[in-house]
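Structure first, commentary second.
Owing to the predicted nature of the structure, the values given are computational and were not obtained by experimental measurement. Protein chains get the first letters and strands the later ones, always in sequence-line order, with residue 1 at the start of each.
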2 protein chains.
Amino acid sequence: MRSRFMQIAGEALRERGYKLTEPRLAILDYLARHDGHPAIQEIYKGIRKKHPGIGMATVYRTLDLFTSLGLVRVLTLESSRLHYEINWPHAHHHHLICTVCGRVIEFSNCNFQQLAAEIEKAAQFTIEEHTIKAYGKCSQCDRSR
Amino acid sequence: MRSRFMQIAGEALRERGYKLTEPRLAILDYLARHDGHPAIQEIYKGIRKKHPGIGMATVYRTLDLFTSLGLVRVLTLESSRLHYEINWPHAHHHHLICTVCGRVIEFSNCNFQQLAAEIEKAAQFTIEEHTIKAYGKCSQCDRSR
DNA sequence: ATGGTAACTGATAATGATTATCATTACCTG
DNA sequence: CAGGTAATGATAATCATTATCAGTTACCAT
Ligand SMILES: [Mn+2]
Ligand SMILES: [Mn+2]
Ligand SMILES: [Zn+2]
Ligand SMILES: [Zn+2]
């Protein structure tokens, strides 16, 4: 739930001594209310409708902070910019990326536990996070379907 | 095998009407001879020892070309630069990234076939490629091991 | 409520990677 | 050898991100 998450996020900030400021709340709110995987520039434009005056540098700083706190996830779709999304609790998922139209589709059934265990043993590595991206053609772009 | 791959790569270029030029051969050779996942700047420095005169712009162009031909794979480790590696045939693998020291470890046992089939059916998506990255701590950096 | 203070911010400049431009060169084909 | 296209290197331009810094604000303790 949106408001529940805002509450959790607020606590996460307070707990670690971060202040609840207008830019932080605005960006969190924007991400929570908009589906998709916006890049910084899109987030910047989005929040400025209600909060002109917030500067681009602050958007960068804020997203870095949120990422380090685990409140948002970063995602590289094209190489040039980073894309962001709320890291909703209990909504672990990954992405399918259409190489024709760029559409991004989410999927959640990555059964990674077993693979992770194998890898950790074989490589002597402690896995904390993982990301999977699959590239191909979405149903609209694949003529053969 | 290195020379075998150079041969395959040469054919791939010729077939599609690309010329076998000094920069192209030098970059291919550099990547084939050096393990790891160098960024452009490192590749540039590497080839210039034997081939001063090759310009940075050509390195960019060449790596884009190789990527589009499937001869090399691109990899985002930090957000700021792209990293490259030879896409050796029959050597499918993915990467573990240590969040402490940055070391990159490869693993090849990703059994993705089953998952891919599930996803393709559920999402109506045709998967052509996939990448998996796992973040965590390598054995040198994990005190608890 | 007020004041003190470190955290935070917005504007701006600086950086660094990537891309575009363009004149020159290398390579074919005939 | 001439003509034509692909490819290159130098350079400038672009664009995302980061650093700087002076002014502002949230928050805690009075
Ligand atoms: Mn997503
Ligand atoms: Mn690799
Ligand atoms: Zn598509
Ligand atoms: Zn490590």
Report the distance from atom CG of B:L63 to atom P of C:dA17, rounded to the nearest whole Å.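 Whole-Å distance recorded here is 15 Å.
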A:D64 CG - C:dC8 C1' separation (whole Å):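 A:D64 atom CG is separated from C:dC8 atom C1' by 15 Å.
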For each nucleotide in nucleotides 24-30 of chain C, reading 5' to 3', give B when a protein heavy atom comes within less than 4.0 Å of its base, S when such contact involves only the sugar-phosphate, and - otherwise. ---B---
Does A:R24 place a side-chain N or O at less than 4.0 Å from the phosphate oxygens OP1/OP2 of C:dC8?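 For A:R24, the contact criterion (side-chain N or O under 4.0 Å from OP1 or OP2 of C:dC8) is met.
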Given [options], which nucleotide is nearest the side-chain atoms of [X]?
X     : options                : result
B:A57 : C:dA20, D:dA19, D:dT8  : C:dA20
B:R81 : D:dT20, D:dA10, C:dT18 : C:dT18
A:Q41 : D:dA16, C:dT19, C:dC8  : D:dA16

Do A:H130 and A:H92 make the cut of ring centroids closer than 6.0 angstrom?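 Distance test on ring centres: under 6.0 Å, yes.
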Sub-3.5 Å donor-acceptor pair from the side chain of A:T76 to the main-chain atoms of A:L82, do we have one?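 No, because the side chain of A:T76 does not come within donor-acceptor range (under 3.5 Å) of the backbone of A:L82.
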Check: A:I54 main-chain N/O paired with A:R48 side-chain donor or acceptor under 3.5 Å: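 Yes; at least one donor-acceptor contact below 3.5 Å.
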State whether a side-chain donor-acceptor pair under 3.5 Å links [X] with [Y].
X      : Y     : result
B:H51  : B:E22 : yes
B:R14  : B:Y18 : no
A:E106 : A:H37 : yes

Would you mind telling me which residue lines up with the more 5' stretch of DNA chain D, B:R61 or B:S79, judged by nearest nucleotide?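 On the 5' side of the pair lies B:R61.
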